[in-house]
Q: 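This structure is in structure tokens; I'll ask about it shortly.
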Amino acid sequence: MERIGFIGLGNMGKPIAENLARAGFPMTVLDLNPAPVDDLIALGATAATSPREIAEASDIICSVVMNDRQTHDVFFGDSGVLAGAEPGSLILIHSTISQEMCKTLGEAALDKGIHILDAAVSGAEAKAKEGKLTVLVGGDADQVERAKPIFNVIGAQTFHVGSLGMGQAAKVCNNLLCLVNVQVVEEALDLARKAGIDEDVMRDIVLCSSGNSWSHENIYSMRELGNIHTGGNLDMSIFGRKDISLASKLAARVGALVPITDFIFDRMKK
């Protein structure tokens with residue numbers, strides 16, 4: 001069984017790491033917050049003090065940090081993963097980051113004989129705890145096969161969608177659907193309230209009608225995640241800003257027309 005290094009024990013990273021630890025993988029973990037590190041130690045993991053130390057102790061390094069900047073900080077520099085990883089090591093990027101960052105990491109890893117997959121995950125915290133995430137993978141098929149023991153623990157299904165960066169593209173498209181839909185759900189429920197229909201009644205109607213969706217079924221948890229609900233609108237400048245931005249940039253790069261995305265992105269910037 002390959003040794004796992006795990007960086008980032010937040011809302012998504014911690015339950016993923018816990019499932020891997022319970023599955024028996026030898027693990028070394030790192031997070032700025034000591035509390036989740038202690039919880040993983042209780043499951044048999046070892047703590048590290050730097051990304052480089054994680055890499056030196058691991059065959060496969062998993063990263064679940066917030067964004068491009070944090071990803072760059074984790075992997076580059078004298079204390080970064082790439083400084084400590086041995087040739088033949090495998091990096092799994094579970095974070096939602098840009099394809100540009102995937103390319104930058106891929107080129108740097110290739111120079112050192114290190115393999116890399118972008119293995120974006122979807123399903124939110126609840127599915128992470130259950131080990132039933134959807135894993136969207138970009139990279140070489142042989143490394144996808146190598147990582148399957150991990151994917152089978154953390155996910156209910158895995159999709160290999162192409163070369164490095166394509167997992168991120170699939171994640172961005174999925175998140176775009178969710179984020180636009182949740183805004184429409186809020187607007188529809190607000191409209192119903194103002195028209196005199198109780199929200200709970202309207203939700204019961206939608207649940208058995210054509211307007212239903214994952215975003216509608218999970219609207220209360222989405223409100224909690226967005227941390228703001230203002231009478232029928234989630235503040236899109238806070239909620240999903242990174243994902244909408246990534247979708248807009250992806251569309252520009254591939255030449256896709258996305259007028260609704262552009263409208264939301266413009267509104268968000270204003």
Side-chain angles (χ1 to χ4, degrees), residues 2-21 25-33 36-37 40 45-86 88-110 112 114-123 125 128 133 135-140 143-144 146-147 149-151 153-155 158 164-172 242-243 246:
E2 297 199 82
R3 301 168 300 162
I4 305 299
F6 208 97
I7 303 171
L9 299 173
N11 290 342
M12 292 294 288
K14 183 186 176 187
I16 292 173
E18 287 175 332
N19 287 334
L20 292 171
F25 284 96
M27 293 189 68
T28 308
V29 299
L30 175 67
D31 194 89
L32 295 177
N33 182 358
V37 173
L40 265 296
T46 301
T49 59
S50 70
R52 178 172 184 160
E53 186 179 337
I54 285 278
E56 289 171 345
S58 307
D59 304 304
I60 300 178
I61 302 101
C62 303
S63 175
V64 195
V65 296
M66 286 293 294
N67 50 34
D68 280 15
R69 179 184 59 79
Q70 290 186 6
T71 299
H72 185 278
D73 291 346
V74 161
F75 283 92
F76 292 96
D78 291 340
S79 63
V81 166
L82 293 176
E86 292 292 329
S89 299
L90 172 61
I91 293 168
L92 302 180
I93 303 296
H94 297 305
S95 309
T96 302
I97 60 173
S98 68
Q99 286 187 307
E100 290 88 348
M101 178 53 67
C102 284
K103 180 180 179 181
T104 298
L105 277 174
E107 291 172 349
L110 181 64
K112 294 178 175 290
I114 300 166
H115 306 289
I116 183 168
L117 299 174
D118 64 305
V121 292
S122 181
E125 185 178 355
L133 291 165
V135 187
L136 309 170
V137 190
D140 293 339
Q143 296 303 313
V144 176
R146 175 183 176 184
I150 293 174
F151 298 155
V153 168
I154 71 174
T158 297
L164 183 65
M166 294 304 294
Q168 298 296 334
K171 175 70 181 291
V172 164
K242 179 185 75 170
D243 296 310
L246 288 172

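Position 1 is the first residue of the sequence; numbering continues from there. Just so it is clear, the structure is predicted and the values come from calculations on it, not from any experiment.
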Q: Rounded to the nearest 0.5 Å, what separates atom CG in D73 from atom CE in M66?
A: 13.5 Å
Q: Residues in side-chain contact (heavy atoms from CB on, under 4.5 Å) with V74, at least two apart?
A: I7, P51, V65, V81
Q: Can you list everything that forms a side chain to side chain donor-acceptor pair (under 3.5 Å) with S122? Sequence neighbours excluded, please.
A: N174
Q: Does the pair I93 and F75 meet the rule for a side-chain contact (heavy atoms from CB on, under 4.5 Å), with working shown?
A: CA-CA 11 Å; I93 303 296; F75 283 92; 3.5 Å; yes
Q: Between G139 and V144, which heavy-atom pair has the shortest distance, and what is it?
A: O-CG2, 4.3 Å
Q: To the nearest 0.5 Å, tell me how far M101 CE sits from S95 OG.
A: 10.5 Å
Q: Quick one, L40 with E18, criterion side-chain contact (heavy atoms from CB on, under 4.5 Å). Give me CA distance, side-chain angles, the key distance, then yes/no.
A: CA-CA 6 Å; L40 265 296; E18 287 175 332; 3.8 Å; yes
Q: List the atom of F76, the atom of L105, and the distance in Å for their closest heavy-atom pair.
A: CE1-CD2, 3.7 Å
Q: Measuring from I150:CD1 to I4:CD1, what's the distance to the nearest 0.5 Å?
A: 3.5 Å
Q: Can you list the residues that meet the side-chain contact (heavy atoms from CB on, under 4.5 Å) rule with N33, with sequence neighbours excluded?
A: D31, A35, P36
Q: Would you indicate whether the side-chain heavy atoms of Q168 and T96 approach each other to under 4.5 Å?
A: yes
Q: Between P15 and G10, which heavy-atom pair has the shortest distance, and what is it?
A: CD-O, 3.8 Å
Q: Does atom CD of E100 have more than 12 heavy-atom neighbours, drawn from other residues, nucleotides or ligands, at distances under 6.0 Å?
A: yes
Q: Evaluate the criterion side-chain contact (heavy atoms from CB on, under 4.5 Å) for residue pair I60 and F25; output intermediate values, then yes/no.
A: CA-CA 11 Å; I60 300 178; F25 284 96; over 6 Å; no
Q: To the nearest 0.5 Å, what is the distance between CG (L164) and CG (D140)?
A: 8.5 Å
Q: Can you name the side-chain contact (heavy atoms from CB on, under 4.5 Å) partners of V172, sequence neighbours left out?
A: L246, A247, L250
Q: Specify the closest pair of heavy atoms between S58 and S89, including all atoms of both residues, with the distance to one decimal.
A: O-OG, 4.1 Å
Q: Could you report the tightest heavy-atom contact between I61 and A85, atom names first, then the distance?
A: CD1-CB, 4.5 Å
Q: K112: what forms a side-chain contact (heavy atoms from CB on, under 4.5 Å) with it, not counting sequence neighbours?
A: L82, I114
Q: I'd like to check the salt bridge (Lys or Arg N to Asp or Glu O under 4.0 Å) partners of K171; sequence neighbours left out, ordered by chain and number.
A: none
Q: So which pairs with a foot in residues 61-71 pass side chain to side chain donor-acceptor pair (under 3.5 Å), sequence neighbours left out?
A: D68-S98
Q: Which heavy atom in V29 sits nearest to a heavy atom in A45, and how many Å separate them?
A: CG1-CB, 4.1 Å
Q: If the condition is salt bridge (Lys or Arg N to Asp or Glu O under 4.0 Å), which residues does E125 pass it with, not counting sequence neighbours?
A: K129
Q: Does the D118 side chain pair with the main chain of G165, one donor and one acceptor, at a distance under 3.5 Å?
A: yes
Q: Could you note down all residue pairs passing salt bridge (charged side-chain N to carboxylate O under 4.0 Å, His left out) where residues 51-63 supplies at least one of them, sequence neighbours left out?
A: R3-D59, R52-E56
Q: Determine yes or no for a side-chain-to-main-chain donor-acceptor pair under 3.5 angstrom, with D78 supplying the side chain and A83 the backbone.
A: no
Q: Which value, rounded to the nearest 0.5 Å, describes the distance between H115 atom NE2 and L92 atom CG?
A: 12.0 Å
Q: Distance check, rounded to the nearest 0.5 Å: T158 atom OG1 versus L136 atom CG?
A: 8.5 Å
Q: Walk me through whether L133 and I16 qualify under side-chain contact (heavy atoms from CB on, under 4.5 Å).
A: CA-CA 9 Å; L133 291 165; I16 292 173; 3.8 Å; yes
Q: So, using side chain to side chain donor-acceptor pair (under 3.5 Å) as the criterion, who are the partners of E2 when residues are at least two apart?
A: R146
